[in-house]
Structures are given as C-alpha cells and as structure tokens.
There are 2 protein chains.
Amino acid sequence: MSNSKLYKGSLTTIILKLLNESDKMYGYEITQKVKELTKGELKITEGALYPALHKLEAEGLLDVEVKKVDNRLRKYYKITESGTKETSNKLNELANYIATMQALVNPKFNLE
Amino acid sequence: MSNSKLYKGSLTTIILKLLNESDKMYGYEITQKVKELTKGELKITEGALYPALHKLEAEGLLDVEVKKVDNRLRKYYKITESGTKETSNKLNELANYIATMQALVNPKFNLE
DNA sequence: CAAATATACATAATATTCTTATGCATAATA
DNA sequence: TATTATGCATAAGAATATTATGTATATTTG
C-alpha cells in the first residue's frame, strides 16, 4: 500500500467508506479511486484488496454481483445494511486513532 | 493495544517519539506513560513491546543499559543518533498517513 | 503489426506485527 | 496470605499485508 507501515489495518476502513458513498464499485475501480484521491500516495495491491473484499463479503458487510462488461468480468460490490453500520464504527475508530496518536505525539493535543 | 486494528504498525513510532523526548525510559515505564497520555485508550502489551524494543536496539536506533532498582531489574533504553533521525521520519509518516486518510474519508480534505 | 500496457480477477508463499498465554521473580497492598 | 503491581521475556497463533505468479481480454504505442 505504501512504504509506511501505518496503513496496515486501514484497508477495511477505506473499502467500506468508498462503498458507503457510491452505489457500487468493483475491485479494480477501488484501486484507481484510491490512487486518484490520494494523488498516488496510496496504491492498493491486488494481493491485499481481493482477499479483503472476499472477507467483507463473507462477513455480510458487502454483497457481490458479477457482470460482464466489454467481454471482461467485473465483480461489483455493494454495501449491505450491516456494512453501513460497520462503516460508521470504522470511521469512529479512525477519528479516535488520530486523536490518540496526536495526544501521544503532540503535547499540545490533550485527550478530553 | 486496542480493539481497533488501526494501531497496528504504530508501536515503533510511539516508542521512538517517547524516547526522543525523555532522557531514558524502561519498558514498563513506557506502558504506563502511554496509558496515562491516552487516558487508558491505549494499553501496550508486553508481548508487543519487548520484541519491538529488542528490534529497535538491534537496528541501532536504541541503546540499552541494565540497572537494578529496588532489587528489581530495569532495562533503560536511550535513543541513538540514528534513532533521532528515524523518529523524524516516523513522525512525518504519521502526519502523512493522517492527511491521506482524511482525504480518503473526508471529502473536505484535499491533498496538496 | 507486434509488444507493451491497462484492465480484471485470483491465490500461494512469505514477512511483519500483534494477541494471548505462559514463565520467572520481587515488592506492595488488601 | 493472596492478589496486584512491578519488571522482564518468549512461544504459539491470528491477522494483515507484500511479492510473485497465473489467467485472460482490450487498448495503446513504437
């Protein structure tokens, strides 16, 4: 994803957030969207993305629909109701993580 | 460390930053300091901390000095010169991570 | 037109980091 | 006296990602 190890554990949050905003997306589309939004700073590798999507689907957070476009296969992922709830949790966790790290790293930020 | 997976990969940054600020600290002291600064949100487990300290020492980012205090052993860690450089890198990576995640998650934050 | 790149999915071997469990030992507190 | 706190350590396992590889079609470039 990046040379920085900090992104480890963030992929699920990213996928859920993007799918929560759009009607549906397919894997390759997600990699391109992330590259675009982060100005190339973050590149999702396939070896990380596809297993993550499969896991989210198995957990019932995403639904999948296969379509053939231009004679090529696409697996469209769509967020489920529990996926939307989990997105909210993940975004809270992210905000919390950022606040906590700033409290640790920047003496000016105090929790509470 | 926390129920949130986002902290994965952050421990090295935390250790280096704390040691960069103080003269020297020992392992147990680090766990208590983190608990205090984060109001209990983050608890460093020994199974994560000690291997991480050993690795940083092996990489030459920390120096170690063993002392006996109150008949109990303490291993004091002190940051080295290259440890100070690496702290700076890690803090830049953290700031970058936060900016990137906000760009992904919050449409109001744009990179550049 | 052939070669390279882009699109599109997938998995397996390996690396890294952390959790959980366990172990040893002393000091302080309930 | 039993539990908690202090203080270190490692091993088994889980989770997540990297790197490499495989398959296949479409498009672009030299």
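Here the structure is a predicted model, which means the values were calculated and not measured. Just so we're on the same page: letters track the sequence lines, and every chain starts at 1. Side-chain atoms are counted along with the backbone in the values below, which use heavy atoms only and exclude waters and symmetry mates.
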Under a 3.5 Å threshold, yes or no: a donor from one side chain and an acceptor from the other, between [X] and [Y]?
{"X": "A:Tyr97", "Y": "B:Ser10", "result": "yes"}
{"X": "A:Asn89", "Y": "A:Glu86", "result": "yes"}
{"X": "B:Glu41", "Y": "B:Tyr7", "result": "yes"}

Return the nearest nucleotide to the side chain of [X]; candidates are [options].
{"X": "A:Tyr77", "options": "D:dA17, C:dC18, C:dA10", "value": "C:dA10"}
{"X": "A:Pro51", "options": "C:dT11, C:dC9, C:dT16", "value": "C:dT11"}
{"X": "B:Lys8", "options": "C:dA10, D:dA15, D:dA17", "value": "D:dA15"}

- Query: What are the residues of residues 20-27 of chain B, sorted by number, that bring a heavy atom to within less than 4.0 Å of DNA chain D?
  - Reply: B:Tyr26, B:Gly27
Would one find a side-chain N or O of [X] under 4.0 angstrom from OP1 or OP2 of [N]?
{"X": "A:His54", "N": "C:dC9", "answer": "no"}
{"X": "A:Lys55", "N": "D:dT16", "answer": "yes"}
{"X": "A:Lys68", "N": "C:dA8", "answer": "no"}
{"X": "A:Lys5", "N": "C:dT16", "answer": "no"}

Is there side-chain contact between [X] and [Y], with heavy atoms separated by less than 4.5 Å?
{"X": "A:Met25", "Y": "A:Leu18", "value": "yes"}
{"X": "B:Lys55", "Y": "B:Thr12", "value": "no"}
{"X": "A:Leu91", "Y": "A:Leu16", "value": "no"}

- Item | is_close_aromatic(B:Tyr26, B:Tyr77), centroid dist under 6.0 Å | no
- Among residues 90-106 of chain B, which residues get a heavy atom nearer than 4.0 Å to DNA chain C? none
- Which parts of nucleotides 20-30 of chain C does protein reach within less than 4.0 Å, heavy atoms only, written one letter per nucleotide 5' to 3' as B for base, S for sugar-phosphate only and - for none? B-----BS---
- Message: Once you apply a heavy-atom cut-off of 4.0 Å, does A:Thr31 come out as touching a base, just sugar-phosphate, or nothing?
- Response: nothing
- When every non-hydrogen atom of B:Ala48 is compared with those of B:Leu11, the smallest separation belongs to O-CD2, 3.6 Å
- Item | For D:dG22, the Watson-Crick or wobble counterpart (both distances under 3.5 Å) | C:dC9
